[in-house]
Number of protein chains: 2
Amino acid sequence: MLIGNYNNRVSLKGRTAVPAKFRSELSKKIIITKGYEKTLFLISEDEWEKQLNTVNLQPLVISQPREPDRFILGNAFPIILDDQGRFVIPKSLRQHAQIKEQAVFVGVGNRVEIWDQARWQEYQQYLGENVEKIVNSLASNQELKP
Amino acid sequence: MLIGNYNNRVSLKGRTAVPAKFRSELSKKIIITKGYEKTLFLISEDEWEKQLNTVNLQPLVISQPREPDRFILGNAFPIILDDQGRFVIPKSLRQHAQIKEQAVFVGVGNRVEIWDQARWQEYQQYLGENVEKIVNSLASNQELKP
DNA sequence: TTGTTAGTGGTGAAAAGTGGTGAAATATGT
DNA sequence: ACATATTTCACCACTTTTCACCACTAACAA
């Protein structure tokens with residue numbers, strides 16, 4: 001399971017390294033695509049195909065009604081890590097996530113999210129101020145399940 | 001059952017030792033994550049998985065409410081103790097809990113909380129001065145905010 | 001005291017992160 | 001189509017960080 005968060009540098013040309021802790025689980029062939037809240041998603045090839053094929057499991061392509069599937073599919077790039085575990089974030093994706101010098105790689109279960117460092121810190125503050133709401137929402141989710 | 005509290009030093013680089021009394025119950029593989037009121041939580045791997053189930057996170061799917069995933073999974077780090085029972089507290093977590101030279105490890109049933117010593121002492125004083133209020137609010141089933 | 005366990009500092013080899021480079025691939029202009 | 005310019009990317013080399021140990025000191029019980 002992908003958990004925790006790690007900081008890595010992004011070069012002017014968008015080159016960055018996947019944190020070592022995530023490499024074994026993501027493997028060398030990875031899909032990178034646009035995520036929600038101005039993030040990027042990194043998903044292993046296996047997990048990607050699983051998501052696309054498993055119709056009943058609320059695949060990642062069905063998001064919100066208004067959001068076209070091509071948001072994710074149309075912005076997905078296959079990448080292969082070099083021997084140092086690095087790759088280049090496509091320019092359009094870098095712009096979408098407003099990634100500058102420092103990026104934060106966040107493990108969120110089955111995927112890794114990439115955040116611009118400044119935005120991640122802001123988001124952390126927001127989360128910290130709303131812990132109770134978040135926890136409550138989890139509690140109510142649970143009641144809905146059998 | 002994890003109970004009592006113990007003081008341990010934290011090095012400049014964030015290295016500290018789990019109090020010996022807690023080691024057997026936590027075992028060597030531990031999860032450290034953000035807790036409430038600027039504390040950190042230490043829980044055994046087993047307990048972690050149990051908690052994930054009860055809280056009903058769905059890490060295998062890109063779920064709709066993304067905040068809980070990011071808060072809980074994104075701030076959880078797996079750690080392994082060395083032969084002296086020590087580990088390094090990730091920088092971002094140290095900052096969250098404002099941990100400086102001295103840390104207090106507090107056993108709270110199924111988890112251990114880590115406090116900055118100064119903050120722990122303040123909190124103890126607050127508790128001492130407000131025991132009656134707290135007990136009363138518990139009796140009337142209300143929440144008390146510090 | 002003496003033996004045993006817990007806590008703490010230090011260290012060096014290994015791992016991870018980062019910058020640079022040149023051949024190969026791709027794009028561009030004529 | 002060909003020549004030239006530009007970009008890409010696989011690899012090398014260097015720097016920084018991490019972490020598994022060793023060794024000493026403090027606390028404590030017999």
Side-chain angles (χ1 to χ4, degrees), chain A residues 2-32 40 42 45 76-95 99-107 112-117 120, chain B residues 2-32 40 42 45 76-95 99-107 112-117 120:
Chain A
L2 299 157
I3 59 175
N5 68 86
Y6 303 90
N7 241 297
N8 269 0
R9 207 167 170 341
V10 180
S11 82
L12 243 75
K13 291 176 181 174
R15 187 171 65 165
T16 188
V18 172
K21 294 273 165 58
F22 293 152
R23 280 179 211 160
S24 60
E25 189 155 343
L26 283 176
S27 83
K28 268 202 164 184
K29 288 183 174 183
I30 301 178
I31 308 292
I32 185 171
L40 302 178
L42 284 181
E45 209 180 36
F77 297 83
I79 55 178
I80 296 175
L81 303 188
D82 70 11
D83 290 350
Q84 280 79 250
R86 290 185 292 185
F87 69 101
V88 176
I89 307 174
K91 204 172 171 186
S92 60
L93 298 189
R94 252 181 290 155
Q95 289 171 345
I99 288 174
K100 296 169 212 90
E101 286 245 315
Q102 286 290 132
V104 184
F105 291 74
V106 185
V112 172
E113 293 187 355
I114 309 179
W115 292 68
D116 176 69
Q117 190 184 43
W120 171 249
Chain B
L2 300 156
I3 52 174
N5 70 86
Y6 304 89
N7 237 300
N8 269 359
R9 205 168 167 354
V10 180
S11 81
L12 242 75
K13 291 176 181 173
R15 187 172 65 166
T16 188
V18 172
K21 293 277 164 57
F22 293 152
R23 280 179 209 159
S24 61
E25 187 154 345
L26 284 176
S27 84
K28 270 203 163 182
K29 288 183 173 182
I30 301 178
I31 307 289
I32 184 170
L40 303 178
L42 283 182
E45 214 179 32
F77 296 80
I79 54 178
I80 296 175
L81 304 188
D82 70 11
D83 290 350
Q84 281 77 250
R86 291 184 292 184
F87 69 101
V88 176
I89 307 174
K91 204 172 170 186
S92 61
L93 296 188
R94 253 181 289 154
Q95 290 171 345
I99 288 175
K100 296 168 213 91
E101 288 245 315
Q102 287 290 132
V104 183
F105 291 75
V106 186
V112 171
E113 292 187 358
I114 310 180
W115 292 67
D116 175 70
Q117 190 184 42
W120 171 251

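Letters A, B, ... are given to chains in the order of the sequence lines, protein chains preceding strands, and every chain is numbered from 1.
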* Asked: So where does chain B start and stop touching DNA chain C, 5' to 3', when the test is distance under 4.0 Å to a non-hydrogen atom?
  -> C:dA6 to C:dG10
Is there side-chain contact between [X] and [Y], with at least one heavy-atom pair below 4.5 Å?
X: B:Arg86; Y: B:Ile79; result: no
X: A:Phe105; Y: A:Thr16; result: yes
X: A:Ser92; Y: A:Phe77; result: yes

* Nearest heavy-atom neighbours spanning B:Gly4 and B:Phe22 -> O-CZ, 3.7 Å
* Nearest atoms (heavy-atom pairs only) where B:Val10 meets B:Ala103 ->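 Smallest interatomic distance, heavy atoms only, reads CG2-CB, 3.6 Å.
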* Structure fact -> A correct 5'-to-3' footprint of nucleotides 18-24 of chain D, with B, S and - meaning base, sugar-phosphate only and no protein heavy atom under 4.0 Å, is -SBBB--
* Would you mind reading off the distance between B:Tyr6 atom OH and D:dA27 atom C1', rounded to a whole angstrom? => 14 Å
* Asked: In whole angstroms, how far is the C1' atom of D:dA27 from the CG atom of B:Asn7?
  -> 15 Å
* Are B:Asp116 and B:Arg94 within salt-bridge range, i.e. N to O under 4.0 Å? ->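 Between B:Arg94 and B:Asp116 there is no salt bridge, as every charged N stays at least 4.0 Å from the carboxylate O atoms.
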* For the helix from C:dT1-D:dA30 to C:dT30-D:dA1, what is the angle between the axes at its two ends, each from 5 pairs, rounded to 10°? -> 30°
* Straight-line distance of B:Leu40 CG to B:Ile32 CD1, nearest 0.5 Å -> 5.0 Å
* Structure fact -> One should read off an interatomic distance between B:Leu93 CG and B:Ile114 CD1, to the nearest 0.5 angstrom, of 9.0 Å
* Over 12 foreign heavy atoms within 6.0 Å of NZ, B:Lys100 ->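 Atom NZ in B:Lys100 is packed in, count exceeds 12.
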* **Partner of A:Phe87 under side chain to side chain contact (heavy atoms under 4.5 Å, CB included), chosen from A:Val18, A:Asp82, A:Ile80** => A:Val18
* To do: Indicate, with a heavy-atom threshold strictly under 4.0 Å, whether A:Ala20 touches base, sugar-phosphate, or nothing.
  =>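 Sugar-phosphate only.
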